[in-house]
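First the structure, in the form of structure tokens, and then the observations on it.
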Protein chains: 4
Amino acid sequence: MSQHSDDKRQMSQTKKQQLLDAALHLFIEQGIQATATAKIAKTAGVANGTLFHHFANKQALVEALHLSIKEEMAQAITPPDSSLPLREQLIHLWQAAIQWGLSHPQKFQFLRQLANDPQYPLSQQHAMLSLALPLLPQLIAQGQSEGILADWPQALILNTCHCQFLSTVSLFTEQPELAIDPACLQTAFDMLWYGMARR
Amino acid sequence: MSQHSDDKRQMSQTKKQQLLDAALHLFIEQGIQATATAKIAKTAGVANGTLFHHFANKQALVEALHLSIKEEMAQAITPPDSSLPLREQLIHLWQAAIQWGLSHPQKFQFLRQLANDPQYPLSQQHAMLSLALPLLPQLIAQGQSEGILADWPQALILNTCHCQFLSTVSLFTEQPELAIDPACLQTAFDMLWYGMARR
Amino acid sequence: MSQHSDDKRQMSQTKKQQLLDAALHLFIEQGIQATATAKIAKTAGVANGTLFHHFANKQALVEALHLSIKEEMAQAITPPDSSLPLREQLIHLWQAAIQWGLSHPQKFQFLRQLANDPQYPLSQQHAMLSLALPLLPQLIAQGQSEGILADWPQALILNTCHCQFLSTVSLFTEQPELAIDPACLQTAFDMLWYGMARR
Amino acid sequence: MSQHSDDKRQMSQTKKQQLLDAALHLFIEQGIQATATAKIAKTAGVANGTLFHHFANKQALVEALHLSIKEEMAQAITPPDSSLPLREQLIHLWQAAIQWGLSHPQKFQFLRQLANDPQYPLSQQHAMLSLALPLLPQLIAQGQSEGILADWPQALILNTCHCQFLSTVSLFTEQPELAIDPACLQTAFDMLWYGMARR
DNA sequence: GATGAATGAGCTTTCATTCAT
DNA sequence: CATGAATGAAAGCTCATTCAT
């Protein structure tokens with residue numbers, strides 16, 4: 001009986017998940033707007049109406065996908081050992097974030113796509129990084145007060161971190177031969193670090 | 001008679017330009033896909049069919065707009081005095097590019113939007129910068145051979161330049177109080193420079 | 001055990017009644033066609049499929065509701081004392097019918113709605129009144145043969161009675177200050193009576 | 001040239017009119033809600049999208065139809081000669097209104113259908129009569145002040161007029177043999193007149 | 001060139017109904 | 001009896017594009 005119940009729940013979860021999977025696939029392939037809900041349902045192998053049984057509308061599906069990916073990313077990036085030097089803590093975050101991006105190229109690109117959606121407020125773009133790395137602003141403030149990091153406006157520094165992160169993952173995803181080389185990954189971090197370190 | 005002819009030609013050019021202007025406006029406001037051609041025509045104050053007299057289809061309109069903006073940007077960024085030191089030449093380019101972006105926020109954002117369009121190949125994103133700044137790769141190569149810049153893969157460096165450019169203009173457009181401060185603009189360049197300068 | 005069985009039967013009757021109640025509520029609020037079965041079930045606090053356990057389909061639910069209301073109305077209108085003068089008998093029916101309509105505004109409006117449904121034959125409209133007041137045609141015929149009522153076609157007179165009944169209840173429901181005044185109720189009857197009485 | 005221009009205008013008016021005609025036909029046959037826009041377009045012999053070129057949405061089509069019929073009815077009912085006695089003036093209005101209803105049974109029934117639509121405020125029902133017969137309230141007030149009509153609330157009298165009008169046209173439309181007899185038409189008016197005349 | 005009515009494929013969403021549990 | 005996930009036909013509506021004028 002619990003078996004049955006489990007099967008049922010799993011079945012419905014399966015269809016919902018199939019829909020999310022299909023949506024992710026199609027969204028990054030042709031864009032969110034350009035992807036018809038009917039195509040998502042068809043790709044997921046469910047009926048047209050099933051999509052709207054699980055999600056109130058297309059927008060809700062997008063948001064559910066967004067949320068699930070953000071949570072997955074946040075869980076994948078473990079907080080660094082706070083006893084380490086600042087630079088090491090940042091390297092930990094950097095590598096974890098890059099690693100997640102490289103391991104989940106589609107999910108990463110979906111986040112990137114949403115971040116550039118003109119219908120979202122531009123300032124929300126940082127949310128992507130901030131949600132995944134709530135520690136980052138604190139570490140930067142700490143670095144500045146300790147005299148390790150240059151005393152520039154936080155917004156400027158965060159902006160650069162965010163942008164360097166996005167572009168690095170994109171580049172490495174597109175040119176995997178660079179990603180294989182650990183030195184290259186380190187270099188990308190160094191460009192960021194030396195850019196914001198006090199001289 | 002030639003008067004008439006002139007009026008006519010000017011009229012048609014006017015309508016074409018009105019269409020481009022309206023399209024730019026609407027594209028950055030609601031996205032390219034989400035903007036109906038009928039709405040562009042209406043905003044431009046011309047008839048529905050007129051749009052398709054001047055542009056074969058919607059895609060052609062997008063491309064014409066893209067081209068015109070790229071050309072305008074390229075013209076606005078004058079080449080630096082090649083006798084200046086490398087750093088000064090880069091500062092010149094940087095400031096000219098940023099300035100153009102801040103002076104034409106809508107056109108800049110349209111380029112940014114296209115660069116993130118999933119239907120375009122990802123690698124084409126660099127085209128934006130490269131077309132506007134054909135000099136940049138040369139200067140970087142020169143800086144590396146002179147030992148001024150770190151010896152990292154060109155792709156990595158260009159990628160960083162591109163991304164720092166995009167995000168800086170976006171940030172300054174959104175928070176104009178930062179853009180007013182020249183030190184801030186300089187700081188943004190410094191983050192880039194110290195990131196890639198040989199230590 | 002019989003206890004359980006009773007509970008069960010009562011439960012199912014409860015749910016069936018909840019469905020009828022919810023349907024009545026929603027039907028008069030938004031119309032029959034515009035009311036989704038899912039909404040009825042939700043309002044009734046039962047599962048989607050439960051509705052189709054108790055009623056073969058939506059149409060059957062509508063008809064069950066129709067029938068139950070017609071029966072309730074017929075029971076509420078007691079036959080007049082046949083020894084009274086004709087006018088008094090008619091007043092009795094008139095007041096009982098109006099009273100029922102005012103006391104059950106939702107049920108009354110549902111009947112009114114169905115009576116105007118184009119998918120029902122128009123002539124069926126009289127059915128509402130005739131079913132509730134099977135006595136009316138007899139009384140009218142009697143009045144005519146006694147020379148109290150004008151000698152007009154029955155159809156015309158019945159039609160007028162029906163329509164005056166519907167519109168009076170609607171008016172009084174909408175403007176309750178009129179319904180409070182017993183003279184007003186009497187006036188409405190008088191307009192009907194003097195309209196058809198022999199002069 | 002004016003020929004061409006006329007053709008064009010007439011053509012587009014034709015399609016718009018075809019849509020209105022088809023809509024009227026289908027609305028009274030199966031109800032407004034139950035009539036699909038696609039069916040209207042098909043019946044009118046135009047493409048699906050053409051309907052939405054002429055009317056913003058289905059509701060707008062309904063309202064346009066409503067308006068055009070109300071105007072047509074208002075124009076058909078000429079005001080009576082004000083020098084005639086009150087009763088004659090009312091007879092004039094009565095006959096004109098009934099006549100229009102009998103000559104345009106579909107249009108009449110559409111008005112009747114809208115008047116009973118639960119989504120419209122109930123009090124708006126009188127609007128049908130009032131718009132067509134703006135003179136009626138004045139004449140009734142005049143009749144009351146002259147002591148010809150009984151001194152009952154206007155709402156009650158108007159309500160009765162409205163209802164008698166609707167039911168008479170409906171009955172005569174359904175049983176044309178009654179409508180042929182002018183005495184019958186007169187009788188229907190008499191029922192109304194003697195109902196509200198002062199005794 | 002310019003117009004705008006017309007098109008019809010395609011979109012998102014709704015909904016009565018079914019059925020395995 | 002009761003559930004609610006699943007279905008797919010059909011709804012209202014949008015939109016890029018065409019074409020006669």
Side-chain angles (χ1 to χ4, degrees), chain A residues 1 3-9 11-16 33-41 46-59 61, chain B residues 8-9 11-13 15-16 33-42 46-59 61, chain C residues 8-9 11-13 15-16 33-42 46-59 61, chain D residues 1 3-9 11-16 33-41 46-59 61:
Chain A
M1 189 125 155
Q3 185 68 31
H4 282 192
S5 169
D6 282 4
D7 280 2
K8 212 179 182 182
R9 193 175 314 131
M11 186 54 182
S12 77
Q13 283 200 357
T14 293
K15 302 226 166 181
K16 190 170 182 177
Q33 299 237 39
T35 301
T37 52
K39 203 164 191 176
I40 297 173
V46 304
N48 216 321
T50 304
L51 191 154
F52 294 94
H53 178 67
H54 290 287
F55 307 97
N57 47 41
K58 189 179 178 180
Q59 181 61 22
L61 165 62
Chain B
K8 255 184 178 169
R9 189 176 315 128
M11 186 57 179
S12 79
Q13 288 212 0
K15 301 218 168 183
K16 188 169 183 176
Q33 299 238 33
T35 301
T37 53
K39 202 165 189 176
I40 298 173
K42 195 178 179 182
V46 305
N48 214 325
T50 304
L51 191 154
F52 293 92
H53 254 294
H54 293 287
F55 309 97
N57 48 39
K58 189 180 179 179
Q59 182 60 25
L61 165 63
Chain C
K8 252 185 178 170
R9 189 177 316 131
M11 184 58 181
S12 80
Q13 287 213 358
K15 301 219 168 183
K16 189 170 182 175
Q33 299 237 34
T35 301
T37 53
K39 202 165 190 177
I40 297 173
K42 196 177 179 184
V46 305
N48 214 326
T50 304
L51 190 155
F52 292 92
H53 254 292
H54 293 285
F55 308 97
N57 49 37
K58 188 181 180 179
Q59 182 60 24
L61 165 62
Chain D
M1 191 130 154
Q3 186 67 30
H4 283 190
S5 168
D6 281 3
D7 280 3
K8 209 179 184 180
R9 192 175 313 131
M11 185 57 181
S12 77
Q13 284 200 356
T14 293
K15 302 226 167 180
K16 190 170 182 177
Q33 298 237 39
T35 301
T37 53
K39 204 164 190 176
I40 298 173
V46 304
N48 218 320
T50 304
L51 192 155
F52 294 95
H53 177 67
H54 290 288
F55 307 97
N57 47 41
K58 189 180 178 179
Q59 181 62 23
L61 165 62

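Computed over heavy atoms, backbone and side chain alike; hydrogens, waters and symmetry mates excluded. Per chain, numbering begins at 1; letters A, B, ... match sequence-line order.
Among the nucleotides F/dT17, E/dA6, E/dT17, the one closest to the side chain of C/K58 is E/dT17. For D/A36, taking side-chain heavy atoms from C-beta onward, the closest of the listed nucleotides F/dA11, E/dT7, E/dT13 is F/dA11. Distances from the side chain of B/N57 to the nucleotides E/dT7, F/dT17, E/dA2 place F/dT17 closest. Here E/dT3 is the nucleotide among F/dT3, E/dT3, E/dT17 with the atom lying nearest to any side-chain atom of B/V46. When the nucleotides E/dA16, F/dT14, F/dA5 are ranked by their closest atom to the side chain of C/T37, E/dA16 comes out on top.
Within the 4.0 Å cut-off from OP1 or OP2 of E/dT7, at least one side-chain nitrogen or oxygen of D/K15 is found. Checking the phosphate oxygens (OP1, OP2) of E/dG1, no side-chain nitrogen or oxygen of B/K16 falls inside 4.0 Å.
The two residues D/F52 and D/K58 come nearest to each other via the heavy atoms CE2-N, 4.2 Å. Closest heavy-atom contact between D/A41 and D/N48: CB-CA, 3.9 Å.
Note that NE2 of C/H53 is 11.0 Å distant from CG of C/L51, once rounded to the nearest 0.5 Å. To the nearest 0.5 Å, the span separating CZ on A/F55 from CG on A/L61 amounts to 5.0 Å.
With sequence neighbours left out, A/T35 forms a side-chain contact (heavy atoms from CB on, under 4.5 Å) with A/L26, A/F27, A/Q30, A/I40.
Between the P atom of E/dA6 and the CZ atom of B/F52 lies a distance of 18 Å, rounded to the nearest Å. Atom CD1 of A/I40 and atom C1' of F/dA6 are 18 Å apart (whole Å).
Both B/L51 and C/T35 sit near DNA chain E, but only B/L51 has its closest nucleotide nearer the 5' end. With DNA chain E read from its 5' end, the first of the two nearest nucleotides for D/H53 and A/A38 is the one closest to D/H53. Between D/A56 and B/N48, it is D/A56 whose nearest contact on DNA chain F lies nearer the 5' terminus.
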According to the Watson-Crick and G-U wobble definition with distances under 3.5 Å, which dot-bracket string, read 5' to 3', encodes DNA chain E, using [ ] for crossing pairs and | for pairs with another strand?
.||||||||||||||||||||

